[in-house]
Amino acid sequence: MPILKKGLTAGAGFLFGAGMAMAAAVTGIADTWSGVALAGFGAAALAAVLTLLIFALLGRGWALTGYLCLLVLLMDATLRARDDLQDTSADWQSLAKLAVWAGALAIGLVHLPRTHRMIFRTPAVCIVLFGLWATMTAVYSPSPMFSVGAGMSFLGLALFTPAVLEKLKPESVLYALAGTLAVFLVLSWLVYLFVPEIGSTSYYTTQGDMYRMSGLAGKPTNLGRLSATLIGTVFALVLMKRLDRKWAVLAVILALATLFESQTRTALAGIVLAVAAVMLRRRPVWLLLALSAGGIALYALGLRGIELDLEQVARPLARSGNVQEIFTFTGRTGIWKFVIGKIAESPWLGYGYGSSRIIIAGGYSSEWGFTTQSSHNTLLQSLLTTGIIGTSLIVFMLARQVKQFFTAPDPFCDVMLVFLLTNAMMESLIVGGAPGVLTLVWLITVYWRERGHETTVRRLDPVYSQA
(Lines give C-alpha, C1' and ligand atoms only; values in the text may rest on other atoms or scores of the structure.)
Protein backbone atom coordinates (compact mmCIF):
# COMPACT_ATOMS: atom_id res chain seq x y z
CA MET A 1 0.00 0.00 0.00
CA PRO A 2 2.81 2.56 0.75
CA ILE A 3 4.37 1.81 -2.64
CA LEU A 4 0.99 2.26 -4.36
CA LYS A 5 0.43 5.54 -2.53
CA LYS A 6 3.83 6.87 -3.56
CA GLY A 7 3.23 5.76 -7.13
CA LEU A 8 -0.14 7.48 -7.27
CA THR A 9 1.37 10.60 -5.72
CA ALA A 10 4.19 10.78 -8.27
CA GLY A 11 1.89 9.96 -11.18
CA ALA A 12 -0.74 12.49 -10.14
CA GLY A 13 1.91 15.17 -9.72
CA PHE A 14 3.31 14.44 -13.18
CA LEU A 15 -0.15 14.48 -14.82
CA PHE A 16 -1.08 17.71 -13.08
CA GLY A 17 2.13 19.38 -14.20
CA ALA A 18 1.68 18.06 -17.74
CA GLY A 19 -1.87 19.37 -17.84
CA MET A 20 -0.80 22.85 -16.74
CA ALA A 21 2.04 22.79 -19.24
CA MET A 22 -0.42 21.93 -22.01
CA ALA A 23 -2.62 24.83 -20.93
CA ALA A 24 0.38 27.17 -21.14
CA ALA A 25 1.28 25.81 -24.58
CA VAL A 26 -2.26 26.30 -25.89
CA THR A 27 -2.45 29.92 -24.77
CA GLY A 28 1.08 30.87 -25.79
CA ILE A 29 3.31 33.57 -24.33
CA ALA A 30 3.34 37.13 -25.63
CA ASP A 31 6.67 38.33 -26.98
CA THR A 32 6.79 41.38 -24.69
CA TRP A 33 8.25 42.29 -21.30
CA SER A 34 4.78 42.04 -19.81
CA GLY A 35 4.45 38.59 -21.37
CA VAL A 36 7.77 37.53 -19.87
CA ALA A 37 6.70 38.81 -16.45
CA LEU A 38 3.38 37.04 -16.78
CA ALA A 39 5.13 33.83 -17.80
CA GLY A 40 7.43 34.07 -14.79
CA PHE A 41 4.50 34.63 -12.46
CA GLY A 42 2.68 31.70 -14.06
CA ALA A 43 5.70 29.42 -13.62
CA ALA A 44 5.98 30.39 -9.94
CA ALA A 45 2.26 29.84 -9.42
CA LEU A 46 2.47 26.45 -11.15
CA ALA A 47 5.37 25.41 -8.92
CA ALA A 48 3.45 26.52 -5.81
CA VAL A 49 0.29 24.65 -6.85
CA LEU A 50 2.26 21.54 -7.72
CA THR A 51 4.03 21.64 -4.33
CA LEU A 52 0.67 22.10 -2.63
CA LEU A 53 -0.74 19.14 -4.53
CA ILE A 54 2.15 16.84 -3.65
CA PHE A 55 1.93 17.59 0.07
CA ALA A 56 -1.87 17.25 -0.06
CA LEU A 57 -1.40 13.82 -1.64
CA LEU A 58 0.89 12.98 1.26
CA GLY A 59 -1.85 13.94 3.72
CA ARG A 60 -0.45 17.17 5.18
CA GLY A 61 -3.27 19.12 6.81
CA TRP A 62 -1.97 22.55 5.76
CA ALA A 63 -1.73 21.40 2.14
CA LEU A 64 -5.27 20.00 2.14
CA THR A 65 -6.47 23.33 3.56
CA GLY A 66 -4.54 25.20 0.89
CA TYR A 67 -5.94 23.06 -1.91
CA LEU A 68 -9.45 23.58 -0.56
CA CYS A 69 -8.85 27.35 -0.68
CA LEU A 70 -7.49 27.02 -4.21
CA LEU A 71 -10.65 25.24 -5.35
CA VAL A 72 -12.92 27.85 -3.76
CA LEU A 73 -10.91 30.67 -5.30
CA LEU A 74 -10.73 29.28 -8.84
CA MET A 75 -13.86 27.21 -9.53
CA ASP A 76 -16.24 30.16 -9.95
CA ALA A 77 -13.65 32.65 -11.20
CA THR A 78 -14.21 33.90 -14.76
CA LEU A 79 -11.66 36.07 -16.53
CA ARG A 80 -13.03 35.69 -20.04
CA ALA A 81 -16.45 35.70 -21.67
CA ARG A 82 -17.67 33.60 -24.58
CA ASP A 83 -20.05 35.05 -27.12
CA ASP A 84 -21.17 31.60 -28.28
CA LEU A 85 -23.11 29.98 -25.44
CA GLN A 86 -22.83 26.57 -27.13
CA ASP A 87 -19.03 26.71 -27.23
CA THR A 88 -17.61 23.79 -25.21
CA SER A 89 -14.06 23.94 -26.59
CA ALA A 90 -11.11 24.04 -24.22
CA ASP A 91 -9.26 27.28 -23.57
CA TRP A 92 -6.67 28.36 -21.00
CA GLN A 93 -9.26 28.96 -18.28
CA SER A 94 -11.15 25.70 -18.69
CA LEU A 95 -7.87 23.75 -18.94
CA ALA A 96 -6.57 25.33 -15.72
CA LYS A 97 -9.78 24.50 -13.86
CA LEU A 98 -9.78 20.98 -15.25
CA ALA A 99 -6.22 20.50 -13.98
CA VAL A 100 -7.24 21.68 -10.49
CA TRP A 101 -10.26 19.32 -10.49
CA ALA A 102 -7.97 16.49 -11.65
CA GLY A 103 -5.72 17.26 -8.69
CA ALA A 104 -8.72 16.99 -6.36
CA LEU A 105 -9.56 13.59 -7.89
CA ALA A 106 -5.99 12.41 -7.38
CA ILE A 107 -6.05 13.53 -3.73
CA GLY A 108 -9.35 11.73 -3.19
CA LEU A 109 -8.07 8.50 -4.75
CA VAL A 110 -4.84 8.51 -2.74
CA HIS A 111 -6.74 9.00 0.54
CA LEU A 112 -9.43 6.44 -0.34
CA PRO A 113 -8.01 3.79 2.06
CA ARG A 114 -8.80 6.17 4.95
CA THR A 115 -12.09 7.56 3.67
CA HIS A 116 -13.76 4.61 1.94
CA ARG A 117 -15.97 3.77 4.94
CA MET A 118 -17.31 7.31 4.96
CA ILE A 119 -17.86 7.37 1.20
CA PHE A 120 -19.21 3.93 0.40
CA ARG A 121 -21.76 3.67 3.17
CA THR A 122 -25.41 4.22 2.27
CA PRO A 123 -26.59 6.85 1.56
CA ALA A 124 -23.35 8.77 0.93
CA VAL A 125 -22.48 6.30 -1.83
CA CYS A 126 -25.24 7.93 -3.90
CA ILE A 127 -22.88 10.87 -4.45
CA VAL A 128 -20.23 8.67 -6.04
CA LEU A 129 -22.85 6.78 -8.06
CA PHE A 130 -24.14 10.08 -9.42
CA GLY A 131 -20.63 11.13 -10.42
CA LEU A 132 -20.10 7.83 -12.24
CA TRP A 133 -23.47 8.07 -13.98
CA ALA A 134 -22.83 11.69 -14.99
CA THR A 135 -19.53 10.63 -16.57
CA MET A 136 -21.15 7.68 -18.36
CA THR A 137 -23.74 9.96 -19.99
CA ALA A 138 -20.94 11.10 -22.31
CA VAL A 139 -21.82 8.05 -24.41
CA TYR A 140 -24.90 9.80 -25.77
CA SER A 141 -24.13 13.45 -24.94
CA PRO A 142 -23.98 16.01 -27.78
CA SER A 143 -20.74 17.25 -26.17
CA PRO A 144 -19.07 14.03 -24.93
CA MET A 145 -15.73 15.54 -23.93
CA PHE A 146 -17.43 18.23 -21.85
CA SER A 147 -19.64 15.62 -20.17
CA VAL A 148 -16.62 13.45 -19.32
CA GLY A 149 -14.72 16.44 -17.92
CA ALA A 150 -17.68 17.73 -15.89
CA GLY A 151 -18.58 14.27 -14.58
CA MET A 152 -15.01 13.44 -13.56
CA SER A 153 -14.67 16.86 -11.94
CA PHE A 154 -17.77 16.24 -9.83
CA LEU A 155 -16.42 12.81 -8.92
CA GLY A 156 -13.12 14.43 -7.96
CA LEU A 157 -14.84 16.77 -5.50
CA ALA A 158 -16.93 13.86 -4.18
CA LEU A 159 -13.72 12.00 -3.25
CA PHE A 160 -11.70 15.06 -2.22
CA THR A 161 -14.23 16.42 0.30
CA PRO A 162 -14.18 13.45 2.71
CA ALA A 163 -10.36 13.45 2.57
CA VAL A 164 -10.41 17.05 3.83
CA LEU A 165 -13.04 16.40 6.51
CA GLU A 166 -11.24 13.27 7.67
CA LYS A 167 -8.00 15.21 8.24
CA LEU A 168 -9.19 18.66 9.38
CA LYS A 169 -11.41 19.85 12.18
CA PRO A 170 -14.84 21.16 11.04
CA GLU A 171 -14.10 24.71 12.17
CA SER A 172 -10.84 24.67 10.17
CA VAL A 173 -12.81 23.84 7.04
CA LEU A 174 -15.22 26.72 7.71
CA TYR A 175 -12.35 29.14 8.42
CA ALA A 176 -10.79 28.23 5.08
CA LEU A 177 -14.11 28.57 3.27
CA ALA A 178 -15.02 31.92 4.86
CA GLY A 179 -11.53 33.39 4.45
CA THR A 180 -11.27 32.44 0.79
CA LEU A 181 -14.74 33.75 0.00
CA ALA A 182 -13.89 37.05 1.69
CA VAL A 183 -10.71 37.33 -0.41
CA PHE A 184 -12.72 36.51 -3.54
CA LEU A 185 -15.22 39.30 -2.77
CA VAL A 186 -12.47 41.85 -2.09
CA LEU A 187 -10.78 40.97 -5.39
CA SER A 188 -14.17 41.22 -7.11
CA TRP A 189 -14.64 44.74 -5.79
CA LEU A 190 -11.19 45.73 -7.07
CA VAL A 191 -11.97 44.32 -10.50
CA TYR A 192 -15.42 45.95 -10.48
CA LEU A 193 -13.97 49.38 -9.64
CA PHE A 194 -10.81 49.35 -11.76
CA VAL A 195 -11.54 46.90 -14.59
CA PRO A 196 -15.29 47.39 -15.17
CA GLU A 197 -15.26 45.61 -18.54
CA ILE A 198 -14.55 42.40 -16.61
CA GLY A 199 -16.16 43.18 -13.26
CA SER A 200 -19.60 44.31 -14.44
CA THR A 201 -22.30 42.85 -16.68
CA SER A 202 -24.80 44.81 -18.77
CA TYR A 203 -28.39 43.77 -19.45
CA TYR A 204 -30.77 45.28 -21.95
CA THR A 205 -34.11 46.44 -20.53
CA THR A 206 -37.01 48.52 -21.82
CA GLN A 207 -35.56 51.45 -19.86
CA GLY A 208 -32.06 51.09 -21.31
CA ASP A 209 -28.94 49.15 -20.43
CA MET A 210 -28.60 48.09 -16.79
CA TYR A 211 -25.24 47.32 -15.20
CA ARG A 212 -24.74 44.89 -12.33
CA MET A 213 -21.61 43.89 -10.45
CA SER A 214 -20.24 40.48 -11.42
CA GLY A 215 -16.67 40.81 -10.16
CA LEU A 216 -14.54 37.71 -10.71
CA ALA A 217 -17.60 35.42 -10.76
CA GLY A 218 -18.56 36.13 -14.38
CA LYS A 219 -22.24 36.63 -13.59
CA PRO A 220 -24.00 38.74 -10.93
CA THR A 221 -26.04 35.74 -9.76
CA ASN A 222 -22.86 33.71 -9.20
CA LEU A 223 -21.29 36.54 -7.20
CA GLY A 224 -24.46 36.99 -5.14
CA ARG A 225 -24.57 33.30 -4.25
CA LEU A 226 -20.94 33.36 -3.10
CA SER A 227 -21.69 36.42 -0.96
CA ALA A 228 -24.66 34.65 0.63
CA THR A 229 -22.50 31.57 1.22
CA LEU A 230 -20.03 33.74 3.14
CA ILE A 231 -22.87 35.01 5.35
CA GLY A 232 -24.08 31.45 6.02
CA THR A 233 -20.57 30.23 6.86
CA VAL A 234 -19.89 33.14 9.23
CA PHE A 235 -23.30 32.66 10.85
CA ALA A 236 -22.48 28.99 11.52
CA LEU A 237 -19.07 29.88 12.99
CA VAL A 238 -20.69 32.38 15.36
CA LEU A 239 -23.28 29.83 16.50
CA MET A 240 -20.45 27.32 17.03
CA LYS A 241 -18.63 29.98 19.10
CA ARG A 242 -15.62 29.77 16.82
CA LEU A 243 -15.60 33.36 15.50
CA ASP A 244 -15.57 36.72 17.23
CA ARG A 245 -18.64 38.81 16.42
CA LYS A 246 -16.64 41.84 15.27
CA TRP A 247 -14.99 39.81 12.49
CA ALA A 248 -18.37 38.32 11.64
CA VAL A 249 -19.88 41.80 11.28
CA LEU A 250 -17.12 42.90 8.90
CA ALA A 251 -17.61 39.82 6.74
CA VAL A 252 -21.39 40.27 6.67
CA ILE A 253 -21.06 43.95 5.70
CA LEU A 254 -18.76 42.99 2.81
CA ALA A 255 -21.15 40.25 1.69
CA LEU A 256 -24.28 42.41 1.95
CA ALA A 257 -22.65 45.26 0.03
CA THR A 258 -21.76 42.79 -2.74
CA LEU A 259 -25.26 41.31 -2.72
CA PHE A 260 -26.89 44.71 -3.16
CA GLU A 261 -24.44 45.85 -5.82
CA SER A 262 -24.91 42.64 -7.79
CA GLN A 263 -28.70 42.93 -7.29
CA THR A 264 -29.08 39.22 -6.60
CA ARG A 265 -32.53 39.00 -5.02
CA THR A 266 -32.84 35.21 -4.87
CA ALA A 267 -29.55 34.78 -3.02
CA LEU A 268 -30.43 37.53 -0.56
CA ALA A 269 -33.89 36.09 0.10
CA GLY A 270 -32.44 32.59 0.42
CA ILE A 271 -29.82 33.44 3.04
CA VAL A 272 -32.27 35.57 5.04
CA LEU A 273 -34.74 32.67 5.06
CA ALA A 274 -31.98 30.20 5.97
CA VAL A 275 -30.72 32.24 8.92
CA ALA A 276 -34.29 32.88 10.09
CA ALA A 277 -35.17 29.17 9.86
CA VAL A 278 -32.20 28.12 11.98
CA MET A 279 -32.72 30.89 14.53
CA LEU A 280 -36.46 30.35 14.86
CA ARG A 281 -35.96 26.61 15.24
CA ARG A 282 -33.74 27.34 18.21
CA ARG A 283 -36.45 29.61 19.63
CA PRO A 284 -39.89 28.10 18.92
CA VAL A 285 -41.63 30.99 20.69
CA TRP A 286 -40.30 33.41 18.06
CA LEU A 287 -41.59 31.18 15.29
CA LEU A 288 -45.04 31.11 16.89
CA LEU A 289 -45.01 34.90 17.29
CA ALA A 290 -43.97 35.44 13.66
CA LEU A 291 -46.71 33.15 12.33
CA SER A 292 -49.27 34.78 14.62
CA ALA A 293 -48.26 38.29 13.53
CA GLY A 294 -48.58 37.33 9.87
CA GLY A 295 -52.00 35.77 10.42
CA ILE A 296 -53.28 38.79 12.36
CA ALA A 297 -52.04 41.17 9.65
CA LEU A 298 -53.85 39.24 6.90
CA TYR A 299 -57.03 39.08 9.00
CA ALA A 300 -56.89 42.82 9.67
CA LEU A 301 -56.55 43.56 5.96
CA GLY A 302 -59.57 41.35 5.30
CA LEU A 303 -61.68 43.15 7.93
CA ARG A 304 -60.87 46.55 6.44
CA GLY A 305 -61.73 45.31 2.96
CA ILE A 306 -58.35 46.25 1.57
CA GLU A 307 -57.63 44.73 -1.84
CA LEU A 308 -53.98 44.42 -2.72
CA ASP A 309 -52.90 45.43 -6.21
CA LEU A 310 -50.31 42.77 -6.97
CA GLU A 311 -48.81 44.79 -9.80
CA GLN A 312 -48.24 47.79 -7.55
CA VAL A 313 -46.76 45.59 -4.84
CA ALA A 314 -44.45 43.81 -7.27
CA ARG A 315 -43.33 46.85 -9.27
CA PRO A 316 -40.64 48.06 -6.78
CA LEU A 317 -39.08 44.58 -6.91
CA ALA A 318 -38.58 44.67 -10.67
CA ARG A 319 -35.10 45.82 -11.69
CA SER A 320 -36.25 46.97 -15.13
CA GLY A 321 -39.50 48.53 -13.89
CA ASN A 322 -41.54 46.00 -15.89
CA VAL A 323 -43.73 44.07 -13.47
CA GLN A 324 -43.81 41.04 -15.81
CA GLU A 325 -40.20 40.47 -14.73
CA ILE A 326 -41.54 39.39 -11.33
CA PHE A 327 -44.50 37.32 -12.54
CA THR A 328 -42.31 35.38 -15.02
CA PHE A 329 -39.43 35.06 -12.53
CA THR A 330 -37.19 37.13 -14.83
CA GLY A 331 -38.17 35.09 -17.88
CA ARG A 332 -37.65 31.72 -16.24
CA THR A 333 -41.16 30.43 -16.93
CA GLY A 334 -40.47 30.35 -20.66
CA ILE A 335 -37.22 28.45 -20.12
CA TRP A 336 -38.97 25.96 -17.80
CA LYS A 337 -41.68 25.30 -20.36
CA PHE A 338 -39.09 24.53 -23.05
CA VAL A 339 -37.00 22.34 -20.73
CA ILE A 340 -40.01 20.32 -19.54
CA GLY A 341 -40.85 19.60 -23.17
CA LYS A 342 -37.30 18.35 -23.83
CA ILE A 343 -37.33 16.23 -20.66
CA ALA A 344 -40.51 14.52 -21.84
CA GLU A 345 -38.65 13.37 -24.97
CA SER A 346 -35.89 11.62 -22.96
CA PRO A 347 -37.08 11.24 -19.35
CA TRP A 348 -34.94 8.35 -18.09
CA LEU A 349 -31.50 9.08 -19.51
CA GLY A 350 -31.55 12.81 -20.19
CA TYR A 351 -29.24 14.27 -22.81
CA GLY A 352 -25.86 14.00 -21.10
CA TYR A 353 -24.28 15.75 -18.14
CA GLY A 354 -23.65 19.42 -18.83
CA SER A 355 -25.48 19.21 -22.18
CA SER A 356 -27.91 22.02 -21.32
CA ARG A 357 -25.63 24.56 -23.00
CA ILE A 358 -26.21 22.70 -26.26
CA ILE A 359 -29.86 21.69 -25.80
CA ILE A 360 -31.21 24.98 -24.44
CA ALA A 361 -28.99 27.46 -26.25
CA GLY A 362 -29.59 25.58 -29.49
CA GLY A 363 -33.38 25.42 -29.22
CA TYR A 364 -34.72 28.12 -26.92
CA SER A 365 -35.04 31.84 -27.56
CA SER A 366 -37.21 34.42 -25.81
CA GLU A 367 -39.23 37.07 -27.60
CA TRP A 368 -36.25 39.40 -27.18
CA GLY A 369 -33.84 36.88 -28.70
CA PHE A 370 -32.37 35.93 -25.32
CA THR A 371 -31.14 32.39 -24.68
CA THR A 372 -29.21 30.69 -21.88
CA GLN A 373 -27.06 27.68 -20.98
CA SER A 374 -29.04 26.70 -17.89
CA SER A 375 -32.50 25.45 -16.91
CA HIS A 376 -32.53 27.90 -13.98
CA ASN A 377 -33.93 25.17 -11.75
CA THR A 378 -31.83 22.43 -10.16
CA LEU A 379 -34.39 19.65 -10.50
CA LEU A 380 -35.15 20.45 -14.15
CA GLN A 381 -31.43 20.80 -14.90
CA SER A 382 -30.69 17.38 -13.44
CA LEU A 383 -33.62 15.75 -15.25
CA LEU A 384 -32.57 17.35 -18.54
CA THR A 385 -28.95 16.21 -18.30
CA THR A 386 -28.96 12.97 -16.27
CA GLY A 387 -32.61 11.90 -16.48
CA ILE A 388 -34.66 10.20 -13.78
CA ILE A 389 -31.81 7.76 -13.11
CA GLY A 390 -29.32 10.42 -12.04
CA THR A 391 -31.85 12.78 -10.49
CA SER A 392 -33.26 10.10 -8.17
CA LEU A 393 -29.85 9.86 -6.48
CA ILE A 394 -29.71 13.61 -5.85
CA VAL A 395 -33.33 13.80 -4.64
CA PHE A 396 -32.67 10.92 -2.25
CA MET A 397 -29.71 12.76 -0.69
CA LEU A 398 -31.61 16.04 -0.41
CA ALA A 399 -34.61 14.30 1.17
CA ARG A 400 -32.29 12.71 3.73
CA GLN A 401 -30.77 16.10 4.52
CA VAL A 402 -34.24 17.59 5.04
CA LYS A 403 -34.95 14.79 7.52
CA GLN A 404 -31.65 15.50 9.28
CA PHE A 405 -32.64 19.14 9.56
CA PHE A 406 -35.22 18.04 12.12
CA THR A 407 -33.55 14.96 13.61
CA ALA A 408 -29.86 15.98 13.78
CA PRO A 409 -29.58 19.79 13.87
CA ASP A 410 -26.28 21.36 12.84
CA PRO A 411 -25.72 25.12 12.24
CA PHE A 412 -23.67 24.95 9.06
CA CYS A 413 -25.42 22.00 7.41
CA ASP A 414 -28.87 23.39 8.15
CA VAL A 415 -28.32 27.00 7.11
CA MET A 416 -26.69 25.91 3.84
CA LEU A 417 -29.42 23.33 3.17
CA VAL A 418 -32.20 25.92 3.42
CA PHE A 419 -30.18 28.36 1.30
CA LEU A 420 -29.44 25.76 -1.38
CA LEU A 421 -33.03 24.51 -1.54
CA THR A 422 -34.37 28.06 -1.81
CA ASN A 423 -32.00 29.00 -4.62
CA ALA A 424 -32.40 25.63 -6.33
CA MET A 425 -35.90 26.69 -7.37
CA MET A 426 -34.47 29.55 -9.47
CA GLU A 427 -30.95 28.42 -10.38
CA SER A 428 -29.14 25.27 -11.54
CA LEU A 429 -27.04 24.59 -8.48
CA ILE A 430 -25.07 21.60 -7.20
CA VAL A 431 -25.30 19.54 -10.42
CA GLY A 432 -25.54 22.20 -13.09
CA GLY A 433 -22.55 20.99 -15.12
CA ALA A 434 -18.99 21.99 -14.30
CA PRO A 435 -18.88 21.96 -10.48
CA GLY A 436 -18.62 25.21 -8.54
CA VAL A 437 -18.22 26.43 -4.99
CA LEU A 438 -21.81 25.58 -4.09
CA THR A 439 -21.26 22.02 -5.32
CA LEU A 440 -18.32 21.77 -2.92
CA VAL A 441 -20.34 23.36 -0.09
CA TRP A 442 -23.16 20.88 -0.62
CA LEU A 443 -20.74 17.95 -0.58
CA ILE A 444 -19.25 19.28 2.67
CA THR A 445 -22.72 19.32 4.25
CA VAL A 446 -23.36 15.75 3.05
CA TYR A 447 -20.11 14.32 4.43
CA TRP A 448 -20.13 16.55 7.51
CA ARG A 449 -22.63 14.33 9.30
CA GLU A 450 -21.09 11.18 7.83
CA ARG A 451 -17.80 12.18 9.43
CA GLY A 452 -19.57 12.62 12.78
CA HIS A 453 -21.05 9.13 12.44
CA GLU A 454 -17.64 7.74 11.49
CA THR A 455 -16.01 9.33 14.55
CA THR A 456 -18.68 7.90 16.86
CA VAL A 457 -18.28 4.39 15.44
CA ARG A 458 -14.50 4.51 15.73
CA ARG A 459 -14.78 5.61 19.36
CA LEU A 460 -17.31 2.93 20.36
CA ASP A 461 -16.09 -0.03 18.30
CA PRO A 462 -12.47 -1.05 19.11
CA VAL A 463 -12.38 -3.56 16.24
CA TYR A 464 -13.48 -0.87 13.77
CA SER A 465 -10.94 1.60 15.14
CA GLN A 466 -8.09 -0.83 14.42
CA ALA A 467 -9.08 -1.28 10.78
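Along the sequence shown, the residues carry numbers beginning at 1.
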Just checking, is any N or O donor in the side chain of E427 or T266 under 3.5 Å from an acceptor N or O on the other one? no

Enumerate the salt bridge (Lys or Arg N to Asp or Glu O under 4.0 Å) contacts for [range], please, sequence neighbours excluded, ordered by first and then second residue.
range: residues 377-394; value: none
range: residues 389-401; value: R400-E450
range: residues 380-397; value: none

Partners of F412 by ring pair (Phe, Tyr, Trp, His ring centres under 6.0 Å), sequence neighbours excluded? W448

Those residues at least two apart in sequence (or on a different chain) that pass ring pair (Phe, Tyr, Trp, His ring centres under 6.0 Å) with W247 are none

Hey, are the side chains of L429 and Q381 touching, using non-hydrogen atoms and a 4.5 Å cut-off? no

Report the residues that fulfil salt bridge (Lys or Arg N to Asp or Glu O under 4.0 Å) with K97, sequence neighbours left out, ordered by chain and then residue number. none

Residues which pass side-chain hydrogen bond (donor to acceptor under 3.5 Å, both in side chains) with [X], listed by chain and number, not counting sequence neighbours:
X: S355; result: none
X: T391; result: S382
X: E261; result: Y192
X: T137; result: none

Show me the donor-acceptor pairs, under 3.5 Å and distance only, between side chains in residues 146-159 and residues at least two apart or in other chains.
from, atom 1, to, atom 2, distance (Å)
S147, OG, S141, OG, 2.7
S147, OG, S143, O, 3.3
S147, OG, Y353, O, 2.7
S153, OG, G149, O, 2.6

Heavy-atom count check: over 12 atoms from other residues, nucleotides or ligands less than 6.0 Å from F55 CZ? no

Would you give me the side-chain donor-acceptor pairs under 3.5 Å for residues 231-244, sequence neighbours excluded?
from, atom 1, to, atom 2, distance (Å)
T233, OG1, T229, O, 2.8
R242, NH1, M240, O, 3.2
D244, OD1, K246, N, 2.9

